[in-house]
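Inspection log for the structure reproduced underneath, given as structure tokens.
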Amino acid sequence: MASTVETEHHAPAPAEPVRDGIWRRPLKNTGLVGFLTTVDHKKIGIGYALGALFFLLLGGVEALIIRAQLMYPEQELISARTYNQLFTMHGTTMIFLAVMPLSAAFFNYIMPLQIGARDVAFPRMNALGLWCFLLGGVLLNLSWFFPGGAPAIGWFAYAPLTDRQYSPDMGTDFWIMGLQILGIASLVGAFNFITTIVNMRAPGLSMMRLPLFTWMTLITSFLIILAFPAITIALVELMFDRHFGTYFFNVEGGGKPILWQHLFWIFGHPEVYILILPAMGIISEILPVFSRKPLFGYPLIVFSGAVIGFLGFAVWSHHMFTTGLGVVATTAFAFLTMLIAIPTGVKIFNWIGTMWGGRIRFTTPMLFSVGFIWMFMMGGFTGIMHSSPPVDAQQQDTYFVVAHFHYVLIGGSIFALFAGMYYWFPKVTGRLMDDFVGKIVFYLMFVGFNLAFFPMHILGMTGMPRRTHTYKSEMGWDQSNFWSTIGAFILGVGILIFVIQIVYAYYKGRKSPKDPWDSRTLEWDTDSPPKEYNFAYTPVIHARDQVWEDKYGVEAKRMEKIAPGKHGIHMPDQSWWPLITSIGLFIACLGMVFHKQPIPLTAEAVFGLEIVIFGLVATFVGMVAWALEGPGGFHLHPDPAEYADATPAPEDGHGHH
Amino acid sequence: MSSHAANTDDPHAALEPLKKTSTGIENKKLAMWAFLASDCMFFGTLISTHLIYRKVYPTVVEPTEFFDIELTGFSSFILLMSSLLMALSVSAAHKGNIAGMRRFLLGTIFFGLIFLSGQVYEFNHFVKDAGLTLSSSVFGSTFYVLTGTHGVHVALGVLWLSCWTACSLPKDWAWYTLRGGRFLWLPIRVIFAPMVGRYKHENALDVEVAGLYWHFVDIVWIVIFTAVYLVEYLPILGF
Amino acid sequence: MRLRIRTPFLAAAGLAAGLLLLTVGCSLNIEGQQSALDPKGPVAKNQYDIFMLTLYVTTFIFITVGGALAWVLWKFRQRKGDDPNFIPPQSHGHPMLEMGLVIASAGLLVIIAIPTFGGIILKKVVPEELLDGAIEVNVVGFQWWWAFEYPEQGFYTANELVFPAGRAVKINLRADDVIHSFWLPKLAGKVDLIPGQENFIWIMADEPGYFWGQCAEFCGDSHAYMLFRAIALPEDEWEEWLETQQRDTVADDGSFEPLLAREDWGYPEDKILKGAEVFRQACAGCHSVNPRIQTNGPNLAHFGSRTSVAAGWYENEYDLLYRWIREPEKVKPGNFMYRGFLDRDGRTVIMPGLKDYDLSDEEVHAVTAYLYTLR
Amino acid sequence: MATTRDMADTQQKSDVPDYIIEEHKKYFTFFNLSIALIAITGIELVIIYVPINKWFVFSSLVVLSTVKFLGVIWWFMHLRWDRALCTIVFLIGLILATGTVTALMLLFSRDPDGPPEIMTLLPPFLW
């Protein structure tokens, strides 16, 4: 019997896509259906980017309302509750819906190109990640429209404020379940990226030849798979506390609220590196290109990235120096935290070393990158300051900390992500963004950012606590707050111009050649924008900065190209099931939010777990259908002109998939 | 290197194209190991929650009064045996012995179900006789959520392996050979009927990956068995 | 016609100068009510010193590393007329230099680490020489006010911490509902008040003084309004204060009539007596006026001698106090004085609030005046 | 494992591929392993009732469970035969999880108001 099965399997691959599974597989790869069923890492990357930019603007508007409220003392622009909701949603949105997905957009779009892969290892899982991210964002923001409104618990959601007794409304449940879906999105993405980077590198592309951005993608993915379980479990425990009467964090039953802080920061601290390491990767790509020099001390930068990631799991309690930890624990966590300054410093030294002796061109991506180094350095210094618990005792939960992490996350992550967007925009769209407008955006953002956040150092040291919706004039904080608000609006104008510019450039920008910056890494060797199959040939890598070597290096280090075999290039099929599975999860999570809650429009009906079960069944059906459908696949035959200089494929080989 | 890959008489060779990755490890297997690394943190967090509360409140409940260590020991035995069958099943799958693989898979599922029944019985006993519920004490909260999460893992594993068992049935498998009430079999048929006859030798990898998951659930139980059950019998310990 | 920024450095320098000026302008204000840069006690002083040390160290790094960065950007920039195809030497790294910088930065961290350890211990442990004469206070955080208990004397007060200058105050911190954080920036860095756990902090004021403090951990709707005041008194005034605080302020016959001599009431007698009646009906359920009893609202014995109301948000003036009682929901959204206490499910009311009493303007005036007779 | 070798030696038919022989060898490994695992479980069940030093019993439990754990991942889960990278990936998670559990256990004390036990070894001013 086995042999019968075998011969069936080895039937020649059909030229047409396989129409298998419960539903017919979608074939149309344009329009709405094409987008909803796509498994192409590039389209998924663009989906992530658009979603993330939308949420960046949303979170930005929330921030501007916050700053407007704080512009003058004792203002009553918004209520205390609204303010608390705004800062909760601002933090959650920026971390989970803006910076992480924007990084994920680069992981998706750029990383497979950098390693010469046709797609990621599990294309449909990749689509699932995108849909979970978008639906998670929707779920979180749906809370605004239900009684009680958005959560007002802070992005850290310290128990027991999240207990039903203190936050009876559904907002907290929206927050819990929204984060669970977003966690799934991050996790499936991370498993996918790890497998892709480790397993799907082009021939010759050894780990120590990987572009730095790909390395940071790998380390970030490991951080995600190891950090997110902690928050997942903490959220499950909190959900049980709120819905099923357990006592994990409830003092009356013997629960310890401090446990929530530990579990949260076991996740939360690596999360900080999840936000910053991709940015460091982007910077490490851009600096060499515009200095026309290779990265200085590549092995050490890779190694320090790994060390930062590893140490990130050993320092979580430095967020809790004021919670009454013992002297030994405090000291240990303080010294471990200080250690992190060393690998971080290494990176800065090496970035300067990269530019040293180079030929620096100040294009927009380069300006953002240099701005990143300055701002990140500032954020690092304040980080060193509150790694010392006595200093932190004054700074914890004040605007000093707000200044610190905005220097790291805006001056750091956002600046780097903007650098990345300016840098890779020509690759993604085939069009250039205007350099002059780009510089205006940079200077507006740079000035606005510093004006908004530098005074916060002083506010913090002069005693202004975070998360307060107003303050008294006697405190002497009026002036700094005023200027800070002005700065925030300048920063907002900068970002607005950026959005206009990116839309304009998409339609009207100048056409870009495939390598407009004279770059160094593999993604610049394919078309702009890349074809569906990324590379018409299989690249065989012989050097770290392969594209640079091709242009300026010695003959021995030139890239070899292998033409596709006679079957053409194998491509995965599109699928509805990732979308359906994620909708099932969405329904299940929504059902958990509605559990035993009076829902508008259903005045009398109160749901138990019916909706959750329905959603889980839908998820299960989606997964089974997904598995039965199989990866499918079809073959494309690129125009031979695209691989004119390639050597023919060996007859029996499948080529590099 | 893969000149014999085209030799279709050799079922082992059918797996060769899957191994054409940079590391020689199949994508699915690597992703599963990464998932298991991640799952270590899941259960690590749950187990720490339980142990922390046991340590902080060592005398609030006396679990040994209602624990039935013989039953739990038997459950451990069952899971270990199921792991053996799973390993044999993967081995059979790699040899291309589909019938053998299916037999061992059925055995694994059977043992998994026994384990689950044991857990249901145990929970029932704790709730009814010992009055231990989710909200009776923080011990109840941590105990049920920890062992319950493990139980859900086992149940998902049973479901997963059932799918592969159904897939491994021959295409001409006659459902009427299964005796039983129509209503019992109907949902099972609806779910599993589309899978019948789909197993191909290249799916040996999928069975192996499902097996990795199953073994992991087993080793989590090894830890839970010691950390949650056995140490309770050492009264002087507060860890 | 396109404008081109040819001299990014000039622009950057101008920017830097402008920001610097603005920064200097803003930082002139370091002596605010809650400034940690203006320490008045040994703990805050120690923390300030370590902060300044980290500031010096990081400024040193900023000047050296930042200087190197600025120099590199200036020196190696592509100038007008440079050959655009110039390829600089492709150097890949310099391991010895990199290791040297790693070791140097580790050395700088050691400079910070040593006093850090001393600071950690100082915050936790009252130095031996200060133990003599130290007093003890228990602080309990509530949404959104503070209860202060003087266990050695056995009385309670609220929202104003009074202690003798020049003596250490050992403070035990507990919370009743959610997490709060006790912070008196001029005297010591913060320590959290966490339900189900007791924390410790000690403070000392070198000189008599009046200090502002604030809750520093987000604790719900009115977190921003959870302030308090701390008053360090000279020794003789402290003794006097202690004695006053332990006196009863109202008659113990249940009439809530003030014990203060009638000629000192300062308001018409019938107004005060009416106020006492309103207080008995609407307020006494939560507010104790007996200094030895703590109920679930702030203790109001000797309220008349306090300097602030509404947990330090308002100065203790008639109009502000009137407003606080008249429309508490507007002054502090979500407060329990207005909406009452809820059960664990967050829905059932177990103790009514002012919204259920519907006091008239006249009654509020009466109770406001009455409160000033509690001295 | 004489049996295994005997079987391999007596394989006369040249058309039996190597991987079949490999899988046959694994059968014996798996059986032996499962017997060992059950034996260890039995020992664990008995040892908790033996009236000897409880810390010794506790340490034995930890060691025995670790042996079981490693046995399953090493043989049942094929790490023995797979590439080292699988082991490395899993160990990253396992080590971090173990470290986190340990650190958490040290951070929480049995007495809610007291120091963690490990700190009782240190001078009191450090608590």
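A note on names: the letters A, B, ... follow the listed sequences, proteins ahead of strands, and every chain is numbered from 1.
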Side chain, backbone, both or neither of B:Val145 within contact of chain A (heavy atoms, under 4.5 Å):
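Side chain only.
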Chain B interface, residue from A:Phe244, A:Phe122, A:Phe248 that has the most non-hydrogen pairs under 4.5 Å:
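Going by pairs under 4.5 Å, I would pick A:Phe248.
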With chain B as the partner, which of A:Ile194, A:Val236, A:Val198 has the greatest number of non-hydrogen pairs under 4.5 Å?
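Heavy-atom pairs under 4.5 Å are most numerous for A:Val198.
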To the nearest 0.5 Å, tell me how far [X] [atom1] sits from [Y] [atom2].
{"X": "B:Phe42", "Y": "A:Phe228", "atom1": "CZ", "atom2": "CZ", "value": "10.5 Å"}
{"X": "A:Ile115", "Y": "B:Ser22", "atom1": "CD1", "atom2": "OG", "value": "7.0 Å"}
{"X": "A:Leu259", "Y": "B:Ser48", "atom1": "CG", "atom2": "OG", "value": "8.5 Å"}
{"X": "B:Met41", "Y": "A:Ile225", "atom1": "CE", "atom2": "CD1", "value": "10.0 Å"}
{"X": "A:Met207", "Y": "B:Thr23", "atom1": "CE", "atom2": "OG1", "value": "9.5 Å"}

Contact class of [X] relative to chain B, heavy atoms under 4.5 angstrom:
{"X": "A:Phe222", "result": "neither"}
{"X": "A:Ile224", "result": "neither"}
{"X": "A:Val624", "result": "side chain"}
{"X": "A:Leu226", "result": "both"}

When you compare the side chain of [Y] with that of [X], does any pair of heavy atoms fall below 4.5 Å?
{"X": "A:Leu263", "Y": "B:Thr49", "result": "yes"}
{"X": "A:Glu237", "Y": "B:Thr142", "result": "no"}
{"X": "A:Tyr247", "Y": "B:Ser135", "result": "yes"}
{"X": "B:Tyr53", "Y": "A:Lys256", "result": "yes"}

Please output the residues of residues 152-164 of chain B in contact with chain A, using a heavy-atom cutoff of under 4.5 Å, in numerical order.
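The residues closer than 4.5 Å to chain A, in numerical order, are B:Leu159.
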Please walk me through it: do B:Tyr144 and A:Thr246 pass side chain to side chain contact (heavy atoms under 4.5 Å, CB included)?
CA-CA 10 Å; B:Tyr144 283 119; A:Thr246 53; over 6 Å; no
Test your reading of the model: is there a side-chain donor-acceptor pair from B:Thr45 to the backbone of A:Ile233, 3.5 Å cut-off?
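No.
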For A:Asn199, is there any backbone N or O sitting under 3.5 Å from a side-chain donor or acceptor partner on B:Thr21?
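Judged by distance alone, no pair lies under 3.5 Å.
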Counting only heavy atoms not in A:Phe310 (residues, nucleotides, ligands), do more than 12 fall under 6.0 Å from its CZ?
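12 or below, so no.
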Closest non-hydrogen atom pair between A:Leu187 and B:Ser38, with its separation:
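Smallest heavy-atom distance, with atoms named: CD2-OG, 4.1 Å.
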